[in-house]
Number of protein chains: 2
Amino acid sequence: MGYKYNREDILNVGYDVFRRNGYHNVGINQILKESGIPKGSFYNFFESKQDFAQQVIRQYGETNTCWMRDFFEDCTLSPIECLKSFYAMMMNLNEEDEYSGGCLVNNMSVEVGRQNDIIGSEANTHFVGWLNVLATVIEKGQEANEITVEFSALELAEYLHAGFYGVLSRTKVTRNRVYMDIWFEITFKFIST
Amino acid sequence: MGYKYNREDILNVGYDVFRRNGYHNVGINQILKESGIPKGSFYNFFESKQDFAQQVIRQYGETNTCWMRDFFEDCTLSPIECLKSFYAMMMNLNEEDEYSGGCLVNNMSVEVGRQNDIIGSEANTHFVGWLNVLATVIEKGQEANEITVEFSALELAEYLHAGFYGVLSRTKVTRNRVYMDIWFEITFKFIST
DNA sequence: ATAAATAATTAGACTGTTCTGTTTAATTTA
DNA sequence: TAAATTAAACAGAACAGTCTAATTATTTAT
């Protein structure tokens, strides 16, 4: 029989709280309260707030990379239709969430990515992982003549990635799905052959 | 002769400090220290930290709207070349700044735009203003047959806006100009007729 | 197998600092 | 002289992180 609390559960609470509220707006006490863990246990598992945040990002980043890979592996549609349904799903999730969080890794990048090297490079690591998954699918789409070959698969992945996160920022203040829809329409029109 | 300190100078300090460090990571004391103003004077001019941040955003937002309008009015190139040189300039500024700040309004949107209605809607107001300026130029480009008419000028403005801010977030953690260049190449290739 | 010893985890009071914002008084300008 | 501004001490809450003790799990010795 294990102990009462475990690292993973606390990380999951951290994911939720950081994603919705940002990094500097969240105190350790809030994490403790929402996870029901006492301070001593927290500092037994994590060295500091920064260390905790890094581990939160890492867990989510890795989980999401696997999730994306599985999604595209299981997707039986053509490559570009897989991409479309992936982004359609992300947009739906964001709408259901009422645009209140966006992407944890992007939020962390914007808020502290430049000042804090530890968090910045942790975020970048996972961005790169996701971009590679996207690039794989894009490449298949190019081979199937569905996607333009004017640019490399990785360049197009960066393009999709940037556009989507830009539009997430836009929905945070407009709280309206239409901006995601516009981005979707234009982007997929443009990359399609 | 006026008093020793004035609202505008403090707002400019706030712009710089908030842009580089975010909202919740900045304390009033930092603003006081960097502007040399005592606390009493600060609270004479501003009701609260939130009120201060709102005014910082407003001043920058309005200034930037005018600056953009002037830029495009003074630009003697064709519409799409004006757009290109506008974004090229923004990219150069960001590179010179070593990717350390990005756009204040976008940073604020991502960090607090969803939790804080005051700041969120202030940010949105200025986004809308900038988008309208962009749309005006895009419309001219469409009339001159330089820019695709598959989408409305405002939709394309949203598209440019989202992509650019997405890529700013990307440069914050990569600290490399190349991601802006990729975005630029792809985007202008796509919108050009 | 059981008991003793060791290690890991839990618990929360406590520390010192920093946070936003208040207050009161002195000074400056109109 | 009256109003606006400047000045800094002060207040109360929140902050990250420390510390000691108690509890629980695991390992070692018998």
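- Geometrically, B:Lys49 engages B:Tyr23 in a cation-pi contact, judged by NZ or CZ lying under 6.0 Å from the ring centre and within 45° of the ring axis.
- A:Tyr43 has its OH atom 17 Å from the P atom of D:dT20, to the nearest Å.
- Look at CD on A:Gln50: it is 18 Å from P on D:dC15, rounded to the nearest Å.
- Under a cutoff of 6.0 Å and an axis angle of 45°, B:Arg170 and B:Tyr179 form a cation-pi pair.
- Seen from the ring of A:Phe45, A:Arg7 does not count as a face-on cation partner, given the 6.0 Å and 45° thresholds.
- Distance CD1 (A:Ile31) to C1' (D:dG17): 15 Å, rounded to an integer number of Å.
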Can you check each nucleotide of nucleotides 8-19 of chain C against protein heavy atoms at under 4.0 Å and return B for base, S for sugar-phosphate only, - for none, in 5' to 3' order? BSBBBB-----S
Using a 3.5 Å cut-off and no angle test, enumerate the donor-acceptor pairs between side-chain atoms of residues 67-85 of chain B and protein atoms at least two apart in sequence or in another chain.
residue: B:Ser78; atom: OG; partner: B:Glu146; partner atom: OE2; Å: 2.6
residue: B:Ser85; atom: OG; partner: B:Glu81; partner atom: O; Å: 3.3
residue: B:Ser85; atom: OG; partner: B:Cys82; partner atom: O; Å: 3.1

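- For A:Asn92, the side chain to side chain donor-acceptor pair (under 3.5 Å) criterion is met by A:Arg177, not counting sequence neighbours.
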